[in-house]
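Worksheet for the structure shown next.
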Amino acid sequence: MRFSEYLLATLKEAPKDAETLSHKLMIRAGMIRKIAAGIYNFLPIGLKVFRKVENIIREEMNNSGAVEVMMPFVTPSDLWIKSGRWDLYGKELLRLKDRADREFCLGPTHEEVVTDLVDREVKSYRNLPLTVYQIQPKFRDEIRPRFGVMRAREFVMKDAYSFDLNEESADKSYSKMFDAYKRIFERCGLRFRAVEADSGNIGGSFSHEFMVLAETGEDVIMVCDDCDYAANIETAPVIFRQKDLNSKQHEKNRGAGKDMPENKIEKISTPSCISVKDVSNFLGVNITKIVKTMVLSTNEGLEAVLIRGDHELSLTKYKKHRGLDFAELAMDDEIAKINTVKGFTGPVNLGIKIFADNELKNMTSYVTGGNEKDFHLLNVNHDKDFNIEDFMDCRQTVDGDECPGYPEYTLKSTRGIEVGHVFKLGTKYSESMNAVFTDRDGKDTNFYMGCYGIGVGRVVAAAVEQHNDKNGIKLPFSISPFEVLIIPTDIKNEKVITYANDLYEKIKLESYDVAIDDRAESAGVKFKDSELIGVPYCIVVGPKSLEKNMVEIKDRRTSNKIEISKDDFSGLLDFINGK
RNA sequence: CGGGGUGUAGCGCAGCUGGUAGCGCACCUGUUUUGGGAACAGGGGGUCGGAGGUUCGAGCCCUCUCACCCCGACCA
């Protein structure tokens, strides 16, 4: 590619609204441009990187036996009504009507369409297992799109769907995909972790998120540095150790942190102390001696869950352990109905079922809300003052918690960008959409499904986030916009331009993705641009070095540079090949 | 959806107490340059997000509206 004929849209300054490093760099490098909130143009440089990522994904999908299909971006409402998601999906689903007033939506994901597709074509167990995939745009009307293409509304996703006879076979499909994902992200040169994630309401199944490690990641994950263990903070299990409450050690700690004897409940005025922090500061009580009472609205009605003051509730784990389909924090008016006050909720005389995190087992004489505005209670004890229906692991893990892999290791929190998700669906969609095949015994059976997504644009952004320096982007060879760039420093110099052009043609013949910056720009501009867009190898052809029969080659990532005889073509290729 | 903020040239910004719109970069022409975002000279580009209002006069004041950005939506 000749830059004189190319659309190179580099910028010295990034627009004010670009937040993260990758977002700024992608705009400055002329990879992307925003056209509306969460909707982007990919310019040539961005598209080249995008295509390389896409091709790696496609190759690995094909290698793992998945077959590519294309499904529509606009999908009819009846498929969604059939699966029940037309009503379940909220405003994220962008709905539209055609000229005849028929309802459609822009596909946010394609379980419905693919289930329908496979159901129509696959009739027999003999045709299973089958994995199909698509690489296409999707649309989710996000509440808050941000960070450029990292969290866009329209985005391209690779989505694979596996169809199997049964769970055992589905597990094999799953692990094939899992392995393919590892190869994909390795080939893209990313530092990542496969993280245990929420498997949702489908009991017994499992799910992994592929997280690229980066500080700007939106997800918090818990990782063990000493073993492979990694899990989303929402789902990571807490290894609970029961303490001996009668021990001397515990004796010292009891009593609301104020050395109060463990006796009667004491009601105490705590004006305007709504948060745990307020209460802790006001009473001078350690936050770990306070119990938060959280009222949840669930498909089984209102219930309360108790959590130690410094911990956070994991609704995901709570729902799972309670076997609930639905649970969220109760609204103010719901809380008002049960004779308590938001900010001062407590378990004593609370007229609903009370559950608690395991940690409560290790607590006595704690502080709780008084169910009355501006009052809290001291020296509260479960069993004595109120009853707990059940204990469970329902808090988020924190730094220093025990690693579920090995008791001697501890977990540490870090941030990650979710670039991929592999998920066992089971028969959720094949049941709701009545998608069946005929099994060995001639009986109709629901497909056992799995789904596997990768955000292509997000992989590009994550790669930029991980690979850059003060001069710009430095992508790995496998996904860089060009592999080699030739920079003639003076295009008016006959010898320089002739040599550079010849070299360009020769390297092209070797099947490298090569470009030549033959614009009438000064050398400095060309150097800056090459660094900004992140070309791994630059060959500088200038009059001075050419006089000495030499050219210069630079490695963007290591900053190594060598001078080499202008006729030593194989030496030049060796450098590019990392020899 | 709640709170906050910003809209002035392609990008980054300035514009006072209301008086007819400016800077840097980018762009165009010419000359000189050409190894780290060149120099000089000249030039083009704005219904100041939109609508309405106040005023002799509005980028600036008022009302409405649109767009975009940030924070929050796990508070007990």
Side-chain angles (χ1 to χ4, degrees), chain A residues 8-20 23-24 27-28 30 33-39 90-91 141-148 220 233-234 270 272-279 290-297 304-307 309 311-318 327-332 334-336 338 340-347 350 367-373 376 394-396 471-472 487-493 496-497 517 519-532 538-547 550-552 554 561 563:
Chain A
L8 193 72
T10 53
L11 256 32
K12 273 192 196 171
E13 281 175 287
K16 192 79 186 163
D17 54 20
E19 261 306 288
T20 55
H23 187 190
K24 281 183 184 144
I27 288 171
R28 286 226 295 131
R33 289 287 188 270
K34 186 170 73 177
I35 147 160
I39 299 176
K91 287 191 167 175
D141 202 354
E142 296 274 356
I143 298 170
R144 193 142 86 88
R146 55 185 132 173
F147 307 146
V220 179
I233 193 165
E234 274 294 310
T270 50
S272 304
C273 291
I274 292 175
S275 72
V276 170
K277 242 187 205 156
D278 295 339
V279 176
I290 300 172
V291 166
K292 298 198 272 203
T293 307
M294 300 168 87
V295 179
L296 302 178
S297 172
V305 54
L306 307 183
I307 298 279
H311 289 151
E312 294 297 330
L313 174 68
S314 162
L315 260 181
T316 311
K317 291 203 293 188
Y318 185 76
E328 60 175 32
L329 291 168
M331 297 291 164
D332 293 12
E334 290 176 296
I335 293 175
I338 54 168
T340 183
V341 185
K342 184 179 163 176
F344 300 93
T345 317
L350 192 65
V367 179
T368 73
N371 291 328
E372 190 179 325
K373 187 166 165 42
H376 276 77
C394 61
R395 73 163 170 94
Q396 286 182 359
N471 294 317
I487 298 183
T489 58
D490 180 0
I491 61 159
K492 285 192 184 140
N493 183 309
V496 167
I497 197 70
D517 192 348
R519 293 174 300 167
E521 290 287 352
S522 70
V525 171
K526 296 182 183 185
F527 293 145
K528 289 288 183 192
D529 276 346
S530 78
E531 281 155 355
L532 180 56
C538 256
I539 302 173
V540 183
V541 182
K544 281 175 201 153
S545 44
L546 214 53
E547 285 294 310
M550 303 294 262
V551 291
E552 186 183 298
K554 296 196 289 193
K561 57 181 170 185
E563 276 211 315

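Naming convention: chains lettered A, B, ... in sequence-line order (proteins, then strands); numbering from 1 in each chain. Bear in mind the structure is a predicted one, so any value in this text is a computation, not a measurement.
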Counter-base of [N], judged by Watson-Crick or G-U geometry with both distances under 3.5 Å:
N     : result
B:G30 : B:C40
B:C23 : B:G12
B:A67 : B:U6
B:U55 : none
B:C1  : B:G72

Q: Pick base, sugar-phosphate or nothing for A:Ala14, based on heavy-atom distances below 4.0 Å to the nucleic acid.
A: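 Contact class for A:Ala14: sugar-phosphate only.
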Output yes when a side-chain donor or acceptor of [X] lies under 3.5 Å from a complementary backbone atom of [Y], and no otherwise.
X        : Y        : answer
A:Lys34  : A:Ile39  : no
A:Ser545 : A:Val541 : no
A:Arg33  : A:Ile27  : yes
A:Arg28  : A:Ala14  : no

Heavy atoms under 4.0 Å is the rule here; annotate [range] 5' to 3' with B where the base is hit, S where only the sugar-phosphate is, and - elsewhere.
range                        : value
nucleotides 5-10 of chain B  : ------
nucleotides 69-76 of chain B : SSB-BBBB
nucleotides 35-44 of chain B : BBBS------

With [atom1] as the reference atom in both, quote the distance from [N] to [M] in angstrom, rounded to an integer.
N     : M     : atom1 : result
B:U34 : B:G24 : C1'   : 24 Å
B:G43 : B:G4  : P     : 48 Å
B:G37 : B:U17 : C1'   : 41 Å
B:U47 : B:C40 : P     : 30 Å
B:U63 : B:U6  : P     : 15 Å
B:U54 : B:G59 : P     : 16 Å
B:A21 : B:G5  : C1'   : 25 Å
B:G18 : B:C62 : P     : 11 Å

Write down the distance between [atom1] ([X]) and [atom2] ([N]), rounded to a whole number of angstrom.
X        : N     : atom1 : atom2 : value
A:Asp141 : B:C1  : CG    : C1'   : 13 Å
A:Arg33  : B:A26 : CZ    : C1'   : 12 Å
A:Glu13  : B:C23 : CD    : P     : 17 Å

Q: Please identify each residue that fulfils side-chain hydrogen bond (donor to acceptor under 3.5 Å, both in side chains) with A:Glu312, with sequence neighbours left out.
A: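 In terms of side-chain hydrogen bond (donor to acceptor under 3.5 Å, both in side chains), with neighbours along the sequence ignored, A:Glu312 is linked to no residue.
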Q. Any Lys/Arg nitrogen of A:Asp490 or A:Lys492 sitting under 4.0 Å from an Asp/Glu carboxylate oxygen of the other?
A.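 Looking at A:Lys492 together with A:Asp490, the answer is no, because their closest N to O distance does not fall below 4.0 Å.
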Q) By ring-ring contact (aromatic ring centres under 6.0 Å, His included), which residues pair with A:His23, not counting sequence neighbours? A)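 Applying ring-ring contact (aromatic ring centres under 6.0 Å, His included) to A:His23 gives none.
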(Q) Suppose we screen for salt bridge (charged side-chain N to carboxylate O under 4.0 Å, His left out). Which residues come up paired with A:Glu328, at least two apart in sequence or across chains? (A)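 Applying salt bridge (charged side-chain N to carboxylate O under 4.0 Å, His left out) to A:Glu328 gives none.
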Heavy-atom closest pair, residues [X] and [Y]:
X        : Y        : answer
A:Phe344 : A:Glu372 : CB-O, 3.5 Å
A:Leu11  : A:Leu532 : O-CD2, 4.0 Å
A:Glu531 : A:Lys554 : OE2-NZ, 4.5 Å

Q: Evaluate the criterion side-chain contact (heavy atoms from CB on, under 4.5 Å) for residue pair A:Val295 and A:Thr345; output intermediate values, then yes/no.
A: CA-CA 8 Å; A:Val295 179; A:Thr345 317; 3.8 Å; yes
